[in-house]
Number of protein chains: 2
Amino acid sequence: MKEKLSRKDLQQLAETRATCLCHNLRRSSRAVTRLYDEAMAPAGLPANQMAILVGIALLDQPTISALAREMAMDPSTLSRNLRPLEQEGLLQIKTGIKQREKRLVVTAKGIRRIKRALPFWAKAQAKLTKRMQPDLQEEVLAALADLTSDAQTMAKRA
Amino acid sequence: MKEKLSRKDLQQLAETRATCLCHNLRRSSRAVTRLYDEAMAPAGLPANQMAILVGIALLDQPTISALAREMAMDPSTLSRNLRPLEQEGLLQIKTGIKQREKRLVVTAKGIRRIKRALPFWAKAQAKLTKRMQPDLQEEVLAALADLTSDAQTMAKRA
DNA sequence: AGGCCACGAGTGTATATACATCCATCCCTT
DNA sequence: AAGGGATGGATGTATATACACTCGTGGCCT
């Protein structure tokens with residue numbers, strides 16, 4: 001009896017999957033990331049790396065933990081994501097006044113790269129949202145922000 | 001002149017980043033995935049693996065490509081994602097009638113695992129959407145679906 | 001001042017993601 | 001029937017993601 005899925009089981013699975021925010025977020029994330037990465041390829045800066053660099057520029061010498069929090073990312077993940085950017089000389093990892101923390105800085109080369117990539121970024125953005133109502137876009141962004149903060153609050157590692 | 005970001009530059013970067021669907025989708029995706037994974041850990045089936053298994057169950061012996069399309073995932077990605085599930089004996093990869101294609105099947109063990117995980121899945125879902133208006137949730141899901149299909153259409157690999 | 005705990009970062013390991021490329025198979029057109 | 005293009009899958013490589021754990025530092029409390 002346990003090794004078959006009844007019609008009812010299948011229906012519940014279909015329903016749960018169709019309304020699953022996790023699944024649908026991930027799915028959308030993949031498709032949209034591919035589009036942005038493709039659009040930004042000429043600038044040599046994938047979407048995620050752009051987000052990190054800009055995050056550093058906006059936060060003014062953040063620590064790894066601080067930036068990770070802002071990006072809802074695990075610090076260990078961000079720590080590794082910094083490598084390729086550091087290798088390419090787009091950012092610098094400096095020891096802070098408190099020796100245990102590292103301060104992140106965008107280099108001059110990093111700034112040039114950001115400026116080069118910005119138009120491609122904005123263009124991808126515009127292209128994707130062209131047919132979207134502006135207020136719907138705002139609503140979606142607000143909903144994403146709420147989901148992020150709710151999820152973070154509810155998780156054990158809050 | 002090129003190695004500094006003016007106030008105006010910073011403002012544009014902040015604006016673009018704040019309204020960037022890619023960045024905000026990825027951010028949300030990370031936070032929400034952590035929540036689901038944590039909730040489903042007792043069942044021994046992370047959210048992404050659950051989505052794959054259920055996808056197979058719902059599509060009735062799909063090929064890898066077919067399931068990848070349905071999940072907006074690159075076939076090579078899905079191909080690798082199947083490994084852990086196959087190792088654990090939750091699914092089987094059979095050669096199809098057309099020798100070049102593989103047919104995916106959920107095993108009896110896989111079905112038991114799905115049934116075990118379903119309540120945790122639904123609970124995480126309910127917990128996250130508790131404070132959300134049902135129509136907002138529907139709107140968000142619809143928007144995600146539209147974004148996914150738009151992004152897929154616009155990408156070169158459409 | 002000394003000791004304990006919290007915090008920041010890095011590592012080991014496992015999964016997730018995608019592009020480019022290669023190989024096999026299949027289908028279609030001539 | 002033969003050849004050529006299309007399709008399905010796997011592999012090499014690089015990045016992305018997170019948990020558990022370890023290490024060093026710094027703040028705090030007595």
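Only heavy atoms go into these numbers, but all of them, side chains included; no hydrogens, no water, no symmetry mates. The sequence lines fix the lettering, A, B, ..., with proteins before strands; numbering per chain opens at 1.
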Open item on the list: Is it the case that the side chains of B:T153 and B:D150 hold a donor-acceptor pair, with the cut-off being a distance below 3.5 Å and no angle test?
Closed with: no
Task: Neighbour count above 12 (heavy atom, 6.0 Å) for B:E70 CD - done: yes
TODO: Mind grabbing the angle between the end helix axes of the helix from C:dA1-D:dT30 to C:dT30-D:dA1? Five pairs an end, 10° rounding.
DONE: 20°
- [ ] Go through C:dT17, C:dC27, D:dA18 for me and flag the one nearest to the A:D74 side chain.
- [x] D:dA18
- [ ] In whole angstrom, give the distance that lies between atom CD of B:Q152 and atom P of C:dA18.
- [x] 10 Å
Open item on the list: Tell me the interatomic distance from A:Q99, atom CD, to D:dC23, atom C1', rounded to whole angstroms.
Closed with: 15 Å
Open item on the list: Could you measure the distance from the CZ atom of A:R116 to the CE atom of A:M50? Nearest 0.5 Å is fine.
Closed with: 11.0 Å
Open item on the list: In this structure, how many angstroms lie between the P atom of D:dA16 and the CE atom of A:M73, rounded?
Closed with: 8 Å
- [ ] Take the protein atom CD of B:E38 and the nucleotide atom C1' of D:dT17, then report the distance between them rounded to whole Å.
- [x] 16 Å
- [ ] Could you tell me whether the side chain of A:K115 and the main chain of B:K4 form a donor-acceptor pair under 3.5 Å?
- [x] yes
- [ ] Any chance you could measure B:S149, atom OG, to A:R27, atom CZ, to the nearest 0.5 Å?
- [x] 8.5 Å
Task: salt_bridge(A:R17, A:E15) N-O dist < 4.0 Å - done: no
- [ ] Using a 4.0 Å cut-off on protein heavy atoms (strictly under), produce a 5'-to-3' string for nucleotides 9-15 of chain D with B for base contact, S for backbone-only sugar-phosphate contact, and - for none.
- [x] SSBBB-S
Open item on the list: Tell me which one of A:R113, A:R83, A:K109 satisfies side-chain hydrogen bond (donor to acceptor under 3.5 Å, both in side chains) with A:E88.
Closed with: A:R113
TODO: Rounded to the nearest angstrom, tell me the gap between atom CZ in A:R26 and atom C1' in D:dA16.
DONE: 11 Å
Open item on the list: What is the separation between atom CZ on A:R30 and atom C1' on C:dC19, rounded to the nearest whole Å?
Closed with: 16 Å
Open item on the list: Could you tell me how far apart B:Y36 (OH) and D:dA18 (P) are, to the nearest whole angstrom?
Closed with: 16 Å
- [ ] In whole angstrom, give the distance that lies between atom CE of A:M71 and atom C1' of D:dT17.
- [x] 12 Å
Open item on the list: Take a 6.0 Å sphere around CD of B:E86 and say whether it holds more than 12 heavy atoms from other residues, nucleotides or ligands.
Closed with: yes
Open item on the list: Looking only at the side chains, is there a donor atom on one of B:R26 and A:T33 sitting less than 3.5 Å from an acceptor on the other?
Closed with: yes
